[in-house]
Amino acid sequence: MTPPGRTEITHARVLRMALPIVLSNATVPLLGAVDTAVVGQMGLAAPIGAVGLGAVVLATVYWIFSFLRMGTSGLAAQAHGAGDEAERSAILLRALIIGFGAGLCFILAQAPLVWATFKVAPASAEVEALTRQYLAIRLWGAPATIGLFAVTGWLVALERTRGILLLQLWMNGLNIGLDLWFVIGLGWGVPGVAAATLIAEWSGLALGLWLCREAFGPVLRRAWARVGDRAALARMMLVNRDIMVRSVLLQASFTTFVFLGAGFGDVTLAANQVLLQFLEISAYALDGFAFAAEALVGQAVGARSVAGVRRSSVMLGQWGAGGALFLALVFALAGPQIIDLITTSPEVRAEARQLLPWLVVAPLIGVASWILDGVFIGATQTREMMRAMLISVPIYGAALLLLVPLMGNHGLWASLMVLNATRGVTMLLAYPKVERQAAV
C-alpha cells in the first residue's frame, strides 16, 4: 500500500478534509445560543448571567490545553505519513494521559478555581450562587473535554474530519436535547444546563475513542511500550510548549485590543464586539483548510516528500486565498445587513458601518497567517510559529502606540491588521525550513 504521505494530493482530497470542519465549526455558536435561550425561558436575568460566566471561565481554563489538539495533529500526521502505526497510536495515548491528568487536577482544585473566578469577576450573590452550582457540575467533565483535544487532533492527522463533524453534531445535538428536557421539561434550571453539557462531554469522549478505535487494536501493545519513550516525550513537550506560548501571546493581543477598545466608550466597544464576530466567521470558515494543511503537510514530512510538502502548502494557500476573497466580497456586499442582524442599536450600527472596511480586508490580510499556522503545525515547526509571534507582538505594540493616538479606534483596527500581516510575513520567510525538514 502507498504510504499516506505519498498518495496524490488533489483538490478533491483537500475539500473532503476541509468541508466537514467548516460544517462542524458552524455548529459551535448554535450551542451557546441555545443554552442562553433555554435559561432565558426562566424569565430571570441571574440564570443567564450564571451560565454565561461559568461557560466563559471553563472555556478560558480549558483553552490552555488546546495545544494538545495541534501538537497531536502534527506529530500523529508525521507518524502516519511514515507508516509508523505504533508511534501513531502512542502519540494519542500520551496526549490522552496528559488530558486525563489535567482534568483530574481541575476536579481536585475546584475550590480555589471557583474562589479565583469571583475574585477576577465579582458578581451578585444570586449569580455567584448559581455559577457555583454550574461549575460544581461542569468541572467533572474536565477530563473528557481536555481529552477530546487529543482525539480531535488525532482524527485530523488521519484525515478523518467527517468523524469530527459526526462528533460535534452528536455532542451539540445531545446537549441541546438534554437542555430542553432538563430545564424546560424537568425545571432543573442552571444545574440542568450544566448536567446536559456534562453528559454530552463524556458521551462525546466515548464516541471519539470509538472513532479512534484503530489506535487501540492489535497495535496497542507495541504502542503502549513506546508511551514512555524519552525522546518522543521530550519532542512532544517542546512542540506543546511552543504552541502554548504562541497561543498565549495571540490571546493576549486580542485581549489588549478589547481592553483598549473599551476606552473609547460603550458604543465603540459594542461596535468592535459586533465586528469581531466577522473575524470569528472568517476563522471558522478558513479553519477547514488550515486543518487540512496540518494533515497533508505532516504526512508529507513523515514520508520525507519535499514535493508533497510544497504541493500541499501551495494548494492550501490557493484554497485559503479563494475563501478569503469570497468572505471579503460577502462582507463588502452584505456587511451592513449582517451588522443589523447582530444589533438593533442605531448608534452601534452606525459605528460598526464606519469600521466595516477593516473587516472587508481582514480575511485577505489574515489568511496567510491562518493557513501557515496549519502548515507549521503539520511540520511541527512550532518554534518558528512561536518566534513569529515573538516578532509580531512587539510590532503590534508599536503600531498601537503610534496609530491609536493618531486614528483612534480606526488605529486600533489598523494595528490588528498589522499583527496578522506581520505573522503571515514572518512565517512565510521561515517556510523554507518546512521543506528542509522533509528533506532530512
Side-chain angles (χ1 to χ4, degrees), residues 1-21 69-92 152-164 214-215 232 235-236 238-239 242-243 286-323 367-385 388 424 427-440:
M1 185 176 70
T2 304
R6 289 183 165 80
T7 55
E8 187 179 2
I9 299 168
T10 65
H11 292 288
R13 186 178 174 190
V14 167
L15 291 177
R16 280 198 301 270
M17 281 187 285
L19 291 181
I21 295 297
R69 191 210 65 74
M70 291 179 275
T72 301
S73 174
L75 292 169
Q78 290 183 22
H80 188 53
D84 190 344
E85 295 183 358
E87 181 59 22
R88 188 181 69 186
S89 296
I91 288 165
L92 176 60
T152 302
W154 201 81
L155 291 173
V156 168
L158 272 65
E159 302 184 34
R160 296 177 184 172
T161 53
R162 290 183 183 178
I164 296 173
E214 181 182 329
R235 186 185 182 206
M236 181 181 185
L238 286 174
V239 166
D242 295 341
I243 294 173
L286 298 177
D287 252 0
F289 300 115
F291 279 34
E294 293 175 22
L296 291 177
V297 171
Q299 291 175 21
V301 168
R304 299 292 182 261
S305 171
V306 175
V309 167
R310 186 173 302 162
R311 180 165 174 78
S312 299
S313 301
V314 170
M315 189 173 292
L316 269 303
Q318 291 171 342
W319 276 105
V367 64
S369 63
W370 299 332
I371 299 300
L372 284 169
D373 272 348
V375 170
F376 278 67
I377 288 169
T380 59
Q381 285 285 342
T382 51
R383 182 167 295 182
E384 297 304 323
M385 288 177 62
M427 283 194 287
L428 190 61
L429 291 174
Y431 170 78
K433 294 184 179 181
V434 175
E435 293 193 3
R436 286 201 294 271
Q437 182 180 352
V440 175

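Because the structure is predicted, anything quoted here is derived from the model rather than measured. All values below come from the heavy atoms of this structure, side chains included, with hydrogens, waters and symmetry mates left out. Here, residue 1 is the first one in the sequence, and each next residue gets the next number.
Under a 4.0 Å N-O distance rule, the pair R13/E8 does not qualify as a salt bridge.
The nearest pair of heavy atoms linking E384 to A430 is OE1-CB, 3.8 Å. Residues A157 and S73 come closest through the heavy atom pair CB-O, 3.4 Å. For A76 against R88, the heavy-atom pair with the smallest separation is O-CG, 4.1 Å. Of all heavy-atom pairs spanning A77 and A295, the tightest one is CB-O, 3.9 Å. Smallest separation of non-hydrogen atoms from L296 and I9: CD1-CG2, 4.0 Å.
M385 pairs in a side chain to side chain contact (heavy atoms under 4.5 Å, CB included) with only one of the listed residues (T380, I377, D242, V239), which is I377. Checked against Q299 for a side chain to side chain donor-acceptor pair (under 3.5 Å), the options E159, E294, Q78 give a single hit: E159.
For the atom pair CE (M315) and CZ (F289), the distance works out to 12.0 Å, reported to the nearest 0.5 Å. In this structure, CG on L155 lies 11.0 Å from CZ on R69, to the nearest 0.5 angstrom. In this structure, the separation between CD1 on I21 and CG on L286 is 13.0 Å, given to the nearest 0.5 Å. A distance of 7.5 Å separates OG1 of T382 from CG of L238, quoted to the nearest 0.5 Å. Taking CG of L428 as the start and OG of S369 as the end, the distance is 11.0 Å to the nearest 0.5 Å.
Remark: S313 pairs with V297, V309, V375, Y431 by the side-chain contact (heavy atoms from CB on, under 4.5 Å) rule, at least two apart or across chains. By the salt bridge (charged side-chain N to carboxylate O under 4.0 Å, His left out) test, R160 pairs with E214, sequence neighbours left out. For T152, the side chain to side chain donor-acceptor pair (under 3.5 Å) criterion is met by no residue, not counting sequence neighbours. Scanning for salt bridge (charged side-chain N to carboxylate O under 4.0 Å, His left out) contacts around D373 gives R246, R423, with sequence neighbours left out. Considering only residues two or more places apart in sequence or on other chains, W319 meets the side chain to side chain donor-acceptor pair (under 3.5 Å) condition with H11.
For the pair M236/L75, a side-chain contact is recorded, criterion being any heavy-atom separation below 4.5 Å from C-beta on.
The salt bridge (charged side-chain N to carboxylate O under 4.0 Å, His left out) contacts involving residues 312-323 comprise nothing, where partners must be two or more places apart or lie in separate chains.
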